[in-house]
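Taking it in order: structure first as structure tokens, then the write-up.
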Number of protein chains: 2
Amino acid sequence: MTDQLSAVFGALADPTRRAILARLRAGDANVAELAAPFAMSQPAVSRHLKVLEAAGLITRSRRATARLSHLEANPLRDATAWLAGYREYWEESHDRLDELLARLQDTHPEEDEEPT
Amino acid sequence: MTDQLSAVFGALADPTRRAILARLRAGDANVAELAAPFAMSQPAVSRHLKVLEAAGLITRSRRATARLSHLEANPLRDATAWLAGYREYWEESHDRLDELLARLQDTHPEEDEEPT
DNA sequence: CCCTTCTAGAACGAAATGGTTATAGATGAC
DNA sequence: GTCATCTATAACCATTTCGTTCTAGAAGGG
């Protein structure tokens, strides 16, 4: 987890953290609000936020005693850019092949096989 | 790492595994070929391949004693689809808003304020 | 000030991760 | 069958990760 991309993908590898990001699309929120949906202690959520912050996926500010988390989606753009390098490997081939196979199945239903 | 998306993002969180995927764009390869670029033992690479396979990012076949790894990019499409849910948070807003603010500052430098 | 509110840190434990070396297993050649 | 080749597994270790509970710290309100 040395580079930025690894940190971003690593942050996204956790369902709780993805849910937190999803929540933040609705607007900034404090730790208590972010922790509410989860059967998890507050310190656990605080550490998830620390991971997201380290990956550059959120920034934080204070409002009174609360600390607001704010979504920073730019690293997600970087991740998307990386994934774009693989577009051709699922765009051209499978979907068209699947369509082709679907049409073949319509006419010859027996030709489908499940190779273990 | 219970669900599929977590497995995919988790697999992508490692630079070695991303490099392996990059290599596989050039064509199928056996373990020895995949291990060559890295200062790492063969079993270590075998386990990285196991992680990639578990995430659905590669499939494997035999050719004589060798096992060929084949890139399966479909999970990357799923990951891209997830990331697409955040597009508006970096595409529409920042760049255009920043440009707008820059132009406003040029003509009315005082109207900019930082709330809190 | 003191007290309440909200969040972070410390200390701990279980499990996962990423590497090692040594060895076993599968496959094809002879 | 025997041997060579290629890869996986086993056993081990260090580190990281993810959760816990308890406590400390920061910021305002009365």
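Only this structure's heavy atoms are used, side chains among them; waters, hydrogens and symmetry mates stay out. Each chain gets a letter, A, B and so on, in the order the sequences are listed, and its residues count up from 1.
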- prompt: Whole-Å distance between dG19(D) P and K50(A) NZ?
  reply: 15 Å
message: Looking at D3(B) and R18(A), is any side-chain nitrogen of the basic one under 4.0 Å from a carboxylate oxygen of the acidic one?
response: yes
query: Taking atom P of dT17(D) as reference, at what distance in whole Å does atom CG of L12(A) sit?
result: 15 Å
field: Rounded interatomic separation in angstrom, taking CG from D28(B) and C1' from dC6(D)
entry: 17 Å
message: For a 4.5 angstrom cut-off between non-hydrogen side-chain atoms, does D28(B) reach S69(B)?
response: no
field: Interatomic distance, N30(A) CG vs dC6(C) C1' [rounded to whole Å]
entry: 8 Å
message: Under a 3.5 Å distance rule, please check whether Y86(A) uses its side chain to pair with a backbone N or O of N74(B) as donor and acceptor.
response: no
- prompt: Of the options H48(A), Q42(A), K50(A), which is the one that meets S46(A) in a side chain to side chain donor-acceptor pair (under 3.5 Å)?
  reply: Q42(A)
field: Atom-pair distance (CG on D14(B); C1' on dT17(D)), nearest Å
entry: 15 Å
field: For P75(A) against G56(A), the heavy-atom pair lying closest together
entry: CG-O, 3.3 Å
statement: The correct set of residues in residues 32-48 of chain B placing a heavy atom under 4.0 Å from DNA chain D is A32(B), Q42(B), P43(B), S46(B)
- prompt: Rounded to the nearest Å, what distance is computed from the CZ atom of residue R18(B) to the P atom of nucleotide dG18(C)?
  reply: 12 Å
- request: Check each residue of residues 58-68 of chain B for a non-hydrogen atom within less than 4.0 Å of any atom in DNA chain D, then write out the ones that pass by number, or none.
  value: R60(B), T65(B), A66(B), R67(B)
- prompt: In Å and rounded to the nearest 0.5 Å, what is the CG to CG distance from L12(B) to L57(B)?
  reply: 6.0 Å
query: In terms of ring plane angle, is the pair F9(A) and F9(B) parallel, tilted or perpendicular, where the classes change at 30° and 60°?
result: parallel
